[in-house]
Structures are given as C-alpha cells and as structure tokens.
A.B. asks: 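Would you mind keeping the following structure in view while I ask a few things?
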Amino acid sequence: MVLRWFARQWLVSLGLLLYMWAGLATPERALRALQSGSNMLLSVVILVVSVMGLVGLVQVWISRDAVARLLGKEAGPKALLLAALCGTLLIGPSYVIFPLLMTVRKQGARWAVVTIVLAAYAVKLPMIPLEVGFLGWPFSLARSFLTLMFAIPTGLLVERLMPDSNKHETLEI
Amino acid sequence: MITTGLIYLTLVTVLYLIGFRKDPEKGRQSLLAARQTLWRMIPLLLAIFALIGLFQEFVPPEMIHTWLGSENHLLSLLNGGLVGAIAIGPPVAAFPIASSFIDTGAWPPAAAAFIVSWVSVGVVSLPVEAHVFGWRFALWRNIITFFAALLIGLLIGGLV
C-alpha cells in the first residue's frame with residue numbers, strides 16, 4: 001500500500017532519493033537547496049490556494065454545455081481566438097494553470113484550446129512593461145506578436161496528434 | 001509572486017461571495033471540489049519545489065550562461081531554446097536574464113527563443129504536465145512549442 005503510493009507519486013520518490021543522495025554527499029548544500037525550495041513554495045502558497053478555489057468554481061458553476069459551446073468543436077474558430085485571448089491575460093506559474101485547464105478540458109474544451117492557452121500564455125501581457133524596460137519596444141512587440149501568431153497553428157498541430165476519443169486519457173489531477 | 005497571489009485571491013473571494021449569495025449549496029460544493037483538487041496536488045507541489053531547490057543549488061546560472069556564448073548563430077539559437085526549456089524560475093526572471101545575455105554578446109534571436117521557451121516549454125515541469133494531461137499531450141506540446149520558440153526567435157532577428 002505504502003509502496004504503491006510511492007510508485008504512483010514517483011516524482012515525490014525521485015525528490016526524496018535525490019535529497020538523500022545530496023544529503024549524504026554534501027549536507028550543507030542539500031540543506032540550502034531545501035531552504036530555497038521551501039522559500040519559493042511559501043511565496044506561492046496564496047496563489048496555489050486561490051487557483052484551486054477557481055478550479056472548484058469552474059467545476060461546479062460552469063456547465064459542460066457552456067464550455068462545449070464556447071470552447072468545444074462546435075464553437076469553431078471562435079474557440080481558438082477566445083483561447084488565445086485567455087492565454088494572453090492569464091498570470092501565474094504554469095503548474096497552477098495545468099489543473100485549471102484540465103478542468104476546462106474535462107468539461108468539453110478541445111485539446112487545441114488547452115494548447116493555445118498555454119502558448120499564448122508566453123505573451124505575459126501583465127509583464128510587458130517589464131520586458132520593454134529590459135529589452136526595448138521593438139523586441140517586446142515583435143516577440144508578443146509572433147508568439148500570438150504561432151499559438152493557433154501550434155494548438156491545431158498538437159490536437160491532430162492527439163487521439164479523438166477520450167478513453168486513453170488519464171483524468172487524475 | 002505575492003502580488004499575483006493576492007490579485008487571484010481577491011478575484012476568487014469575490015467570485016465565491018457572489019456564488020454563495022446566489023446559491024449557498026453550489027458554493028459549498030465548489031469549496032469541496034477546490035479542497036479535493038488541492039489535496040491531490042500537494043505531494044506533487046512539494047516534490048516540484050524540492051526539485052527546484054536542488055536545481056538552483058547545483059546548477060549555477062554561470063553554467064547556463066556559458067552555453068549561450070557561442071559564435072555560431074544557429075547553435076546559440078538552439079542553445080537559447082534549450083536553456084529556456086531546462087531552466088526553471090518565475091517568468092518575470094526571464095527578461096533580466098535575456099537582457100544580460102544580449103549585453104554579454106548573445107544573438108538577439110537566441111535571447112527571444114530563450115524567453116518563449118522559458119515561459120512555455122518546461123522540461124522540469126513535464127512530469128506535472130504529464131500527470132495532469134497524460135504523457136502523449138505533454139510530450140507533443142512541449143516538442144512543438146520548442147520548435148515554435150526557435151522559429152519565433154529567428155523571425156525576431158528579421159523584424160528587429
């Protein structure tokens with residue numbers, strides 16, 4: 001039972017093994033690694049809890065019909081544009097966006113929508129002022145424009161590579 | 001990151017308040033669903049941050065920096081994409097790092113490929129992505145996005 005849990009949560013097992021190895025080799029550096037890791041985790045706790053709150057809201061309030069209508073096959077190209085817009089506006093690290101997107105996917109959104117959101121997400125609209133500060137307007141504008149241009153083809157390509165039916169998917173978040 | 005967190009928290013709290021006013025039962029269900037998802041994500045999040053800590057301690061930035069000092073433009077473009085794919089850290093950090101690459105003589109398209117790849121390709125977060133979406137999706141998405149990042153970098157060289 002315990003062994004099965006560690007096999008399923010293999011990332012946890014990997015982390016534990018690496019830390020054991022680092023701890024034996026260089027205890028101080030392993031401790032420093034643990035400290036910087038936990039500092040970063042603490043800095044995103046509020047964010048993680050809030051986004052999970054959002055996942056709960058989406059699951060209960062947004063009906064499958066509505067998602068399928070807006071982001072499913074039947075919505076046509078509009079769904080793809082909407083996905084690009086959502087991706088541009090989203091903020092936060094990707095590992096909290098994944099469960100949110102999977103929830104939307106389970107409610108009937110296309111694979112292309114999930115991919116386009118993740119691609120357009122690289123635009124980082126809320127952070128553009130920062131990019132301009134470091135790299136200048138021409139660079140920032142060209143990068144955002146091209147990222148958006150590539151988002152939809154990327155989404156459609158990934159969707160073509162996915163099986164049509166839902167039976168192979170692991171739906172465990 | 002804390003500001004981002006507070007923005008999300010405010011937004012979600014307002015949505016919950018509206019939800020509870022409209023239908024307390026559905027509000028309660030949302031909270032339960034949220035708790036369930038959070039609970040299932042906790043081991044994964046702990047593992048990821050523990051690994052990020054190890055990465056930061058054992059893979060110093062100078063090491064990444066030397067990869068981009070290549071004379072060969074195409075090689076530095078590829079390296080930019082690769083470094084962005086492997087490195088982890090907050091998206092905000094990509095801009096100052098890319099700017100320091102350019103200052104030290106990196107080819108601007110390589111810096112652009114680095115940013116796009118940093119934000120949307122994640123080798124380290126691949127296990128999490130696969131855990132949530134399945135391996136097939138995670139692998140294809142990351143591979144295709146990686147090549148898109150290289151192309152975007154190249155085109156920026158033509159535009160800027």
Side-chain angles (χ1 to χ4, degrees), chain A residues 9 11-12 15 18-19 22 29 32-38 40-41 43-44 46-57 59-61 91-95 98-99 102 111 115 118-119 121-122 124 127 130-131 134-135 138-139 142-143 146-147 150 154 157-158 161-162 168-170 173, chain B residues 1-2 4-6 8-9 12 15-16 19 26 29-31 33-34 37-38 40-41 43-54 56-58 90-92 95-96 98-99 108 112 115-116 119-120 122 125 127-129 132-134 136-137 140-141 144-145 148 151-152 155-156 159-160:
Chain A
Q9 299 284 351
L11 203 63
V12 178
L18 284 174
Y19 267 96
R29 296 188 75 185
R32 270 212 302 270
L34 196 62
Q35 266 168 356
S36 68
S38 40
M40 251 181 296
L41 180 60
S43 71
V44 294
I46 300 176
L47 186 63
V48 169
V49 172
S50 320
V51 175
M52 294 310 147
L54 200 56
V55 168
L57 285 173
Q59 272 178 13
V60 174
W61 288 91
I91 41 172
S94 51
Y95 45 79
F98 292 153
M102 195 60 199
W111 276 121
T115 316
L118 286 171
Y121 172 69
K124 297 266 167 238
M127 292 182 198
L130 208 74
E131 184 177 10
F134 279 108
L135 298 157
F139 184 97
R143 195 193 61 83
L146 288 168
T147 305
F150 272 87
T154 305
L157 191 57
V158 172
L161 292 163
M162 294 301 292
H168 298 299
E169 287 159 29
T170 45
I173 294 182
Chain B
M1 212 44 95
I2 301 221
T4 316
L6 288 176
Y8 263 109
L9 187 66
V12 171
L15 287 174
Y16 267 96
K26 275 178 110 173
Q29 275 173 20
S30 318
L31 270 182
T37 315
L38 183 64
R40 267 181 290 177
M41 286 292 289
L44 210 60
L45 285 172
L46 287 177
I48 264 292
F49 279 96
L51 289 172
I52 290 178
L54 276 180
Q56 288 205 330
E57 180 59 33
F58 291 93
V92 203
F95 304 132
S99 144
I115 296 178
V116 179
V119 180
S120 48
S125 64
V128 183
E129 191 172 341
V132 175
F133 297 112
R136 186 178 175 136
F137 175 81
W140 279 124
R141 191 193 74 79
I144 292 167
T145 309
L151 270 175
I152 290 169
L155 288 170
I156 284 183
L159 282 178
V160 179

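Bear in mind the structure is a predicted one, so any value in this text is a computation, not a measurement. Here is how names work: the chains are called A, B, and so on, in the same order as the sequence lines, proteins then strands, and each is numbered from 1.
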A.B. asks: Most heavy-atom pairs under 4.5 angstrom with chain B, which of A:L157, A:V49, A:L34?
C.D. replies: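 Answer, by heavy-atom pair count under 4.5 Å with chain B: A:L157.
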A.B. asks: Kindly indicate whether the side chain of B:I115, heavy atoms from C-beta on, has any atom under 4.5 Å from the side chain of A:F139.
C.D. replies: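 Yes, side chains in contact.
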A.B. asks: With A:T115, which residues qualify under side-chain contact (heavy atoms from CB on, under 4.5 Å), at least two apart?
C.D. replies: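 A:T115 satisfies side-chain contact (heavy atoms from CB on, under 4.5 Å) with A:T154, A:V158, B:F137, B:R141 only.
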A.B. asks: Shortest non-hydrogen contact from B:E57 to A:R32?
C.D. replies: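 The answer is OE2-NH2, 2.9 Å.
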A.B. asks: Who among A:S36, A:G15, A:S50 has the most heavy-atom pairs with chain B under 4.5 Å?
C.D. replies: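 The residue among A:S36, A:G15, A:S50 with the greatest pair count is A:S50.
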A.B. asks: Heavy-atom pairs under 4.5 Å with chain B - which of A:V51, A:V48, A:I46, A:L41 has more of them than the others?
C.D. replies: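 Top option by heavy-atom pairs under 4.5 Å: A:L41.
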A.B. asks: In Å, rounded to the nearest 0.5 Å, how long is the span from CD of A:Q59 to NZ of B:K26?
C.D. replies: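 Rounded to the nearest 0.5 Å, the CD-NZ separation comes to 13.0 Å.
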A.B. asks: To the nearest 0.5 Å, what is the distance between CG (B:L15) and CH2 (A:W61)?
C.D. replies: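 Interatomic distance, B:L15 CG to A:W61 CH2, rounded to 0.5 Å: 10.5 Å.
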A.B. asks: Assess whether side-chain contact (heavy atoms from CB on, under 4.5 Å) is satisfied between B:L155 and A:F150, documenting all intermediate values.
C.D. replies: CA-CA 11 Å; B:L155 288 170; A:F150 272 87; 3.7 Å; yes
A.B. asks: What's the spacing between B:F95 CZ and A:R143 CZ if we round to 0.5 Å?
C.D. replies: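 If I round to the nearest 0.5 Å, the distance is 5.0 Å.
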A.B. asks: With respect to chain A, which residue among B:A98, B:G19, B:S30, B:P108 yields the maximal number of heavy-atom pairs within a distance under 4.5 Å?
C.D. replies: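 Maximum pair count with chain A is reached by B:S30.
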A.B. asks: Out of curiosity, B:W140 CH2 to A:M162 CE, how far, rounded to the nearest 0.5 Å?
C.D. replies: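 Rounded to the nearest 0.5 Å, the CH2-CE separation comes out at 11.0 Å.
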A.B. asks: In terms of heavy-atom pairs under 4.5 Å, which option from A:G37, A:S38, A:A22 contacts chain B the most?
C.D. replies: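 That would be A:G37.
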A.B. asks: Looking at A:L54, A:V12, A:L57, which makes the most heavy-atom pairs under 4.5 Å with chain B?
C.D. replies: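 Most pairs with chain B among the choices: A:L57.
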A.B. asks: Do B:L38 and A:V55 come within less than 4.5 Å of each other through their side chains, counting heavy atoms only?
C.D. replies: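 B:L38 does not reach A:V55 side chain to side chain.
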A.B. asks: Could you tell me the separation between the CG atom of A:L146 and the CD1 atom of B:I156, rounded to the nearest 0.5 Å?
C.D. replies: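 Reported value, rounded in 0.5 Å steps: 5.5 Å.
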A.B. asks: I need the minimum non-hydrogen distance between B:A34 and A:G53, along with the two atoms involved.
C.D. replies: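 Closest approach of B:A34 to A:G53: CB-CA, 3.8 Å.
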A.B. asks: Determine the option with the most heavy-atom pairs under 4.5 angstrom with chain A, choosing from B:S120, B:A148, B:S99.
C.D. replies: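 Highest number of heavy-atom pairs under 4.5 Å: B:S99.
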A.B. asks: Nearest 0.5 Å, please: how far is CD1 in B:I152 from OG1 in A:T147?
C.D. replies: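 Reported value, rounded in 0.5 Å steps: 4.0 Å.
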